[in-house]
Amino acid sequence: MNMDSFDMILTVVALVMGVMLLSGHGDILMKGGNAAARKKIYDEKKVQKVYGVTLLLFGILTGLDMVIKSFVYDIIYLVVVIAIFVISVVIVRKKCLK
């Protein structure tokens, strides 16, 4: 499997999961870990929306990575993905509390 195939799979999976979370059908994706404790602390619907947007952004960026063949874009891609992840975690911890 070459990198373009892998990028395509990542793009499709991220976009599908993002849409599932945003549409409220992503409950299955929120399982795992200490779900009972997390439900006591966080508003699950808000968390789903934040991570739905996060996954959509990851999917879009990965799709662009398939099209744009540039070392500079690869560096920008990594920086932006890390920034989006950090921002989403901060938003969940600050804005999604019950």
Side-chain angles (χ1 to χ4, degrees):
M1 181 180 341
N2 61 21
M3 282 306 285
D4 284 338
S5 298
F6 185 68
D7 285 345
M8 179 62 80
I9 292 168
L10 283 178
T11 299
V12 171
V13 168
L15 292 174
V16 168
M17 289 171 54
V19 169
M20 284 176 65
L21 287 167
L22 282 175
S23 67
H25 297 93
D27 292 339
I28 190 76
L29 303 173
M30 301 297 289
K31 305 287 186 227
N34 196 348
R38 187 176 60 242
K39 284 183 180 184
K40 290 179 185 175
I41 299 171
Y42 297 106
D43 181 341
E44 290 288 310
K45 294 295 180 193
K46 288 181 182 177
V47 172
Q48 282 187 25
K49 288 185 190 238
V50 171
Y51 285 130
V53 170
T54 301
L55 284 168
L56 286 177
L57 291 173
F58 285 168
I60 292 167
L61 288 171
T62 306
L64 286 173
D65 189 43
M66 286 187 305
V67 176
I68 301 171
K69 301 294 183 193
S70 165
F71 181 70
V72 173
Y73 180 78
D74 290 342
I75 294 170
I76 293 170
Y77 171 80
L78 287 174
V79 170
V80 172
V81 164
I82 292 168
I84 290 170
F85 177 73
V86 169
I87 291 167
S88 68
V89 169
V90 169
I91 290 173
V92 166
R93 291 192 177 177
K94 300 281 184 187
K95 303 288 183 184
C96 297
L97 296 172
K98 282 189 174 179

Would you call [X] and [Y] a side-chain contact if the rule is heavy atoms closer than 4.5 Å?
| X | Y | result |
| --- | --- | --- |
| T54 | I91 | no |
| Y77 | V81 | yes |
| V19 | H25 | no |
| F85 | V90 | no |
| D43 | L97 | no |

More than 12 heavy atoms of other groups within 6.0 Å of [X] [atom1]:
| X | atom1 | answer |
| --- | --- | --- |
| K94 | NZ | no |
| I28 | CD1 | no |
| K98 | NZ | yes |
| R38 | CZ | yes |

Measure the spacing between [atom1] of [X] and [atom2] of [Y] and express it to the nearest 0.5 Å.
| X | Y | atom1 | atom2 | result |
| --- | --- | --- | --- | --- |
| C96 | Y51 | SG | OH | 8.0 Å |
| M20 | M17 | CE | CE | 8.0 Å |
| I84 | I60 | CD1 | CD1 | 9.0 Å |

### Same apolar cluster: V86 and V50, side chain cutoff 4.5 Å
no
### Message
Membership question, hydrophobic clusters at under 4.5 Å side-chain separation (ILVMFWY): are V67 and V12 in the same one?
### Response
no
### Query
Stepwise, does the side chain to side chain contact (heavy atoms under 4.5 Å, CB included) test hold for L15 with L56?
CA-CA 5 Å; L15 292 174; L56 286 177; 3.8 Å; yes
Nearest heavy atoms of [X] and [Y], plus distance in Å:
| X | Y | answer |
| --- | --- | --- |
| M66 | M8 | SD-N, 3.4 Å |
| Y42 | V47 | CB-CG2, 3.8 Å |
| L61 | Y73 | O-OH, 3.1 Å |
| E44 | K39 | OE2-CG, 3.7 Å |

### Query
Of the options L22, V53, D27, which is the one that meets Q48 in a side chain to side chain contact (heavy atoms under 4.5 Å, CB included)?
D27
### Task
Take T62 and F6 through the test side chain to side chain contact (heavy atoms under 4.5 Å, CB included) and record every step on the way to the result.
CA-CA 10 Å; T62 306; F6 185 68; over 6 Å; no
